[in-house]
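What follows is a set of notes on a single structure, which appears directly below.
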Amino acid sequence: MKKKLANLLSENIPNLDKQTIYDLIEVPLNTSMGDYAFPCFKLAKELKKSPKIIAKELAEKIEKVNFIEKIECVNAYVNFFVDKEILLKHMLIPILKQGEKFGMDKSKSKGNIVIDFSSPNIAKPFHIGHLRSTVIGKSLYRIFEASGYDCISINHLGDWGTQFGKLIVAYKKYSSKEEIEQKGIQELLRIYVLFHEEAEKNPELEQQARDYFTKMEQGDEETLELWRWFKKISLKEFEDVYNLLDVQFDSFNGEAFYNDKMAPVIQELEDKNLIKVSDGAKIVELEDMPPCLITKRDGSTLYATRDITAAEYRKETYNFEKCIYVTALQQNLHFKQLFEVIKKMGYEWYKDLVHVPFGMVSIESEDKDKPAQAIATRKGNVILLQDLLTQAIQKTKEIIEEKNPTLEDKDKVAMQVGIGAIIFDDMYNTIIKDVEFSWTKVLNFDGETGPYVQYTHARACSVLRKSKLAKHCIRLVNFSFITDEASINLAKQLGNFKSILSDAANKYEPSIIARYAVNVAQAFNKFYHDVPILVDDYDVKYSRLTLVCCTIDILKNALYLLGISAPTQM
RNA sequence: GUAUCCAUAGCUCAGCUGGAUAGAGCAACGCCCUUCUAAGGCGUGGGUCCGGGGUUCGAAUCCCUGUGGGUACGCCA
């Protein structure tokens, strides 16, 4: 539609090329200003005439063609009113034809994208700080999958390091086999916190922890046995969480996986003359930023070493078009350094490495005047995801009992909606923003929330159910019966899906999908309120039901892209 | 100190590749269920777009600068 308009305009504007004209065309906020608008400011310079006069001349010059209903000139804008029937056809027919597949290019024809996300340090319980990476990563997975890529999800587990040395010390001093087997990760957390409390008084403990970790690195069977045991217990808990959130990983290759793969990479850095020795540590010097540490004074490896190794391994294994790291903003420098080292190694694919950073989560202070508190597992200042989800599901159940007590499958729906609320809340704002966790806010299901979108979807499904017409029956239709503003506005929103999806993919920003879902829901609710759907007149009813069907598909797809399920009743 | 991110309504935020009167939600107050799910819709109030310069016909948006806050900066990840 916009292209057609650009063609039409370019016939009348010889001094601008078609693409420029296309880019200049805007969609006015207010429908009283037409469906599309062309601002004439750019032309003013070239033609050396006031933009108002140009707009007026242009409006008179353009011949009316079939799809244009009216051309108006307001100030320096030429406003186009498109024939509503043609507009509706253009927006809705592709959705009606393709249904749930609309806008979802699952051909995997564009190559591979590796997404590294969630990646928690294990042996600590899953808390709200881990949630963001998990939820954003999963959404990006679906966004790129729907954009034609084959995605590979990698959980780069933090399953190696001094923290395990600490746990071994703590286990031997404060716990027992029975207690850990009985209480699982709760017990691991308890002794981990206790370790840090004791280590403040007795720094000797830290050294013991480092010694145990060194033993692990040297292949000491007794400590490795404990490590494997802790890892197994942790993974069990993580799997429960991933099942609840419906997240799957193609690979769990974490830090331990790269233990035996780093030596050749260090050698490669040496061979390429990138290594310098500073204070006994091996570093790579970088321009405009601090050097990247490759090995410690004692020869052991670091975070960056593992990430360089992992990047090379992933390129070899998956031959990715992009490799995306979903981590907190705090790791900005690390990734800048990592990408720069890869570049210095001579790999052109350093350009395909992308860091998608998100803001920090803190916990709202009970005293409102005090600042929010940082999450700190060591201090026990955490909100566990299990608790959060339990509360959200409980709250949902109460609302269902109150609003829709005869609903079937209450427990299932409560889970879908409660979890959906949490996921949606985490991605509704631009992901770079810091989040201050607040129980009252996260458990409020009014307004721009996941439940609002889900509710709208369920409402649309309900109308369709009551119509007694099957969804697949509602296909081609005479759109001349749709003339009111609420319907047309809804159709326009529905027609935006594809461009919203590509915008979200280009910006690595799931919030764009979330906000779009709310816009569609708002447009539908307005339509639902203003326009009776199940009326006696068959043609009117049928054409309005097309809008209902399209809304169902679009909302379902938008929620899918966010990793949220769309119940048909709630 | 250096780098980086952020600053828009009481609160949480959209808008930022420059364009028409700066938009939502929450909170507050008022209205709408004998009609398809009121987890909804409508209305009212609420703004020095952090300050100051600059570029431009035009700046919340771009550039410079100041302020306030977050984060990171060699042997953690």
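Just so we're on the same page: letters track the sequence lines, and every chain starts at 1.
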Hydrogens and angles aside, do Q493(A) and N489(A) bring a side-chain donor and acceptor to less than 3.5 Å of each other?
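Per modelled atom types, Q493(A) and N489(A) side chains form no pair under 3.5 Å.
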Does a donor on one side chain and an acceptor on the other come within less than 3.5 Å for Y452(A) and N525(A)?
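A donor-acceptor contact under 3.5 Å links the two side chains.
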Taking any heavy-atom pair under 4.0 Å as a contact, classify [X]: base, sugar-phosphate, or nothing.
{"X": "L534(A)", "result": "base"}
{"X": "M570(A)", "result": "base"}
{"X": "I283(A)", "result": "base"}

In whole Å, what separates the [atom1] atom of [N] from that of [M]?
{"N": "A28(B)", "M": "G69(B)", "atom1": "C1'", "answer": "29 Å"}
{"N": "G46(B)", "M": "A7(B)", "atom1": "P", "answer": "25 Å"}
{"N": "C33(B)", "M": "A38(B)", "atom1": "P", "answer": "12 Å"}
{"N": "C76(B)", "M": "C11(B)", "atom1": "C1'", "answer": "37 Å"}
{"N": "U21(B)", "M": "A60(B)", "atom1": "P", "answer": "12 Å"}
{"N": "A22(B)", "M": "G30(B)", "atom1": "C1'", "answer": "26 Å"}
{"N": "G45(B)", "M": "A24(B)", "atom1": "P", "answer": "13 Å"}
{"N": "G66(B)", "M": "A27(B)", "atom1": "C1'", "answer": "34 Å"}

Just by modelled atom types, is the G165(A) backbone N or O under 3.5 Å from a matching donor or acceptor in the T162(A) side chain?
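Pair absent, no side-chain N/O of T162(A) close to backbone of G165(A).
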[X] has a side chain; which of [options] sits nearest to it?
{"X": "K403(A)", "options": "C5(B), A39(B), A14(B)", "value": "A39(B)"}
{"X": "P291(A)", "options": "G74(B), U21(B), A14(B)", "value": "G74(B)"}
{"X": "L329(A)", "options": "A72(B), C5(B), U37(B)", "value": "C5(B)"}

Integer-rounded Å distance: [N] [atom2] and [X] [atom1]:
{"X": "L24(A)", "N": "U17(B)", "atom1": "CG", "atom2": "P", "result": "14 Å"}
{"X": "I533(A)", "N": "C36(B)", "atom1": "CD1", "atom2": "P", "result": "11 Å"}
{"X": "K336(A)", "N": "U4(B)", "atom1": "NZ", "atom2": "P", "result": "6 Å"}

Ignoring hydrogens and geometry beyond distance, is the side chain of N79(A) in donor-acceptor contact with the base of A20(B) at under 3.5 Å?
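Donor-acceptor pair under 3.5 Å: yes.
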Assign the ring pair H130(A) / F238(A) to parallel, tilted or perpendicular, where the plane angle (0 to 90°) is split at 30° and 60°.
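If you compare the ring of H130(A) with that of F238(A), the planes turn out perpendicular.
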What's the base orientation of G10(B): syn (chi within 90° of 0) or anti?
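This nucleotide is in anti.
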Starting at the 5' end of RNA chain B and moving along, which residue's nearest nucleotide shows up first, Q163(A) or F38(A)?
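By nearest-heavy-atom nucleotide position, the 5'-most residue is F38(A).
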